Amino acid sequence: MTDWTIDQEWARYGAEEHAIWRTLFARQQGIVADRAAPEFVEGLAGLDIAAAGIPEFERLSEVLDRATGWRIVAVPGLVPDDVFFRHLAARRFPATRFIRRRDQLDYLAEPDVFHDIYGHVPMLFNPVFADYLQAYGRGGLKALGLGSLHRLARLYWYTVEFGLVRTARGLRIYGSGIVSSKGESIYCLEDPRPHRLAFDLMRIMRTEYRIDDFQECYFVIDSYAQLFEATRPDFTPYYAALEQTSDIAPGAVLPGERPIEPNPAPA
Ligand code: HBI
Ligand code: FE
């Protein structure tokens with residue numbers, strides 16, 4: 001069973017591709033300072049080797065492996081769900097090899113090397129989050145067997161990709177899909193339009209999501225330990241209970257739900 005890994009062929013990146021990386025990297029540095037979670041900002045230090053251009057996955061893996069036992073493997077793009085989960089369950093993060101074009105700086109339909117490395121790798125330096133993502137991979141393999149993959153895909157989407165965390169200084173971003181996007185990094189924290197709801201596992205697994213625009217709702221955790229604890233139980237009874245419920249539209253707020261206030265716009 002092929003695991004879809006390929007060689008990164010780092011030497012084949014041209015000057016323009018490294019220049020696009022540096023443009024994206026520099027632009028996000030200006031944004032993440034007071035918007036990304038402290039754990040993300042700390043993890044970025046592990047990416048020091050990446051300020052000059054697209055990093056060599058092998059070198060970056062050495063640094064990451066020493067921190068939390070995770071390594072990065074190159075893949076051509078989105079891989080089948082079971083392949084993806086099998087990698088996560090083995091602490092291997094599949095990173096796409098290609099980088100977006102200059103006319104795609106603000107939006108890209110599928111992950112590229114900037115989204116995967118800049119967006120995902122910093123959080124993999126955090127031991128609790130690193131454990132969560134491996135537990136998620138293991139859970140994904142079980143969900144596949146139970147025909148409930150779409151439920152976990154929502155959990156991944158509203159935490160790993162678009163999650164917010166509460167801190168003493170307000171809401172902060174830990175989701176990779178946000179932190180690699182300039183516009184959404186600002187919108188998700190301060191704009192009054194999207195709803196921000198407290199993390200609730202069953203609510204998340206009922207909530208649809210959009211892949212082609214900014215999110216209409218975000219879920220807020222109090223800690224990464226909360227995330228990890230949520231993945232500990234066997235989900236089989238959850239999936240059965242969810243079959244008796246209807247899906248929830250991304251923009252809906254249910255009776256009794258109290259959305260969390262957005263951050264005040266920075267002075
Ligand atoms: N493949 N390379 C790659 N990266 C992803 O983030 C990814 C994937 N395949 C499937 C997938 N994500 C989502 O469907 C997860 O919810 C499984
Ligand atoms: Fe991603």
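Note that the structure is predicted; figures quoted are calculated from it, not measured.
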Worked verdict on Q29 versus L44 for side chain to side chain contact (heavy atoms under 4.5 Å, CB included): CA-CA 10 Å; Q29 292 297 76; L44 263 183; 3.4 Å; yes
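- Under 4.0 Å is where a charged nitrogen must lie from a carboxylate oxygen, and between D34 and R172 no such pair does.
- No side-chain N or O of Q8 forms a donor-acceptor pair with one of R97 less than 3.5 Å apart.
- Using bins of under 30°, 30° to 60° and over 60° for the plane-to-plane angle, the ring pair Y118/F114 lands in the parallel bin.
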Residues L124, L64; criterion side chain to side chain contact (heavy atoms under 4.5 Å, CB included); working and verdict: CA-CA 8 Å; L124 289 176; L64 183 59; 4.0 Å; yes
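- At least one donor-acceptor pair closer than 3.5 Å links the side chain of T167 to the backbone N or O of R169.
- More than 12 heavy atoms of other residues, nucleotides or ligands sit less than 6.0 Å from atom CZ of R27.
- A donor atom on one side chain and an acceptor atom on the other are not found under 3.5 Å apart for E56 and Y13.
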Check against side chain to side chain contact (heavy atoms under 4.5 Å, CB included), R35 and V32: CA-CA 5 Å; R35 289 193 174 85; V32 297; 5.9 Å; no
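- Within the 4.5 Å cutoff, the side chain of P122 has heavy atoms near those of the L47 side chain.
- Taking 4.0 Å as the cut-off between side-chain N and carboxylate O, E16 and R102 count as a salt-bridged pair.
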Pair H150-E208, side chain to side chain donor-acceptor pair (under 3.5 Å): steps then yes or no: CA-CA 10 Å; H150 65 297; E208 297 158 343; over 6 Å; no
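- With hydrogens and angles ignored, the 3.5 Å screen pairs a side-chain donor or acceptor of Q104 with a backbone N or O of R101.
- In this structure, I204 and F199 have side chains that are in contact, with non-hydrogen atoms separated by less than 4.5 Å.
- Note that the CH2 atom of W4 and the CG atom of D82 stand 9.5 Å from one another [nearest 0.5 Å].
- Without hydrogens or angle criteria, E190 side chain to A265 main chain gives no donor-acceptor distance under 3.5 Å.
- The residues R232 and E229 are annotated as salt-bridged, a charged nitrogen and a carboxylate oxygen being separated by less than 4.0 angstrom.
- Side-chain contact check for H115 versus S176: some heavy-atom pair is nearer than 4.5 Å.
- At distances below 3.5 Å, at least one donor-acceptor pair connects side-chain atoms of S185 with backbone N or O atoms of I178.
- By the rule that hydrophobic residues join a cluster once side-chain heavy atoms approach within less than 4.5 Å of another member, I248 and Y209 end up as members of separate clusters.
- Q28 places a side-chain N or O within donor-acceptor distance of the main-chain N or O of V179, the cut-off being under 3.5 Å.
- With hydrogens and angles ignored, the 3.5 Å screen pairs no side-chain donor or acceptor of Q226 with any backbone N or O of I221.
- The residues R151 and D247 are annotated as salt-bridged, a charged nitrogen and a carboxylate oxygen being separated by less than 4.0 angstrom.
- Of the N and O atoms on the side chains of H195 and Q215, not one donor lies less than 3.5 Å from an acceptor on the other residue.
- There is a side-chain donor-acceptor pair under 3.5 Å between Y224 and E39.
- Of the possible donor and acceptor atoms, one in the side chain of R196 sits under 3.5 Å from a partner among the backbone N and O of P194.
- Ring-plane geometry between Y156 and F84 is classed as perpendicular, the angle between the planes exceeding 60 degrees on a 0 to 90 degree scale with a lower cut at 30.
- Inter-residue side-chain proximity for T207 and F219 is flagged as met; some heavy-atom pair is nearer than 4.5 Å.
- Ring planes of F93 and W70: tilted class, angle from 30 to 60°.
- The side-chain heavy atoms of V83 and P80, taken from C-beta on, include a pair separated by under 4.5 Å.
- Remark: side-chain polar atoms of R71 are not paired, donor with acceptor, to backbone N or O of R92 under 3.5 angstrom.
- Between F214 and Y187, the ring planes lie tilted relative to each other; the angle falls in the 30° to 60° range.
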Stepwise ring-ring contact (aromatic ring centres under 6.0 Å, His included) check, F228 with F129: CA-CA 7 Å; F228 182 66; F129 188 88; over 10 Å; no
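- Checking side-chain atoms of W10 against main-chain N and O of E58 turns up no donor-acceptor pair under 3.5 Å.
- Using a 4.0 Å cut-off between a side-chain N of Lys or Arg and a carboxylate O of Asp or Glu, R203 and E257 qualify as a salt bridge.
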L152/F235 under side chain to side chain contact (heavy atoms under 4.5 Å, CB included): CA gap, chis, key distance, verdict: CA-CA 10 Å; L152 268 188; F235 277 30; 4.0 Å; yes
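- In this structure, D112 CG and E17 CD are separated by 11.0 Å, a value rounded to the nearest 0.5 Å.
- Hydrophobic clustering of Ile, Leu, Val, Met, Phe, Trp and Tyr side chains at less than 4.5 Å, counting indirect connections, unites L141 with L149.
- Judged purely by atom type and a 3.5 angstrom limit, Y158 has no side-chain atom pairing as donor or acceptor with the backbone of A153.
- Residues C188 and Y218 come closest through the heavy atom pair CB-CZ, 3.4 Å.
- Here the shortest heavy-atom pairing between I6 and P76 reads CD1-N, 3.7 Å.
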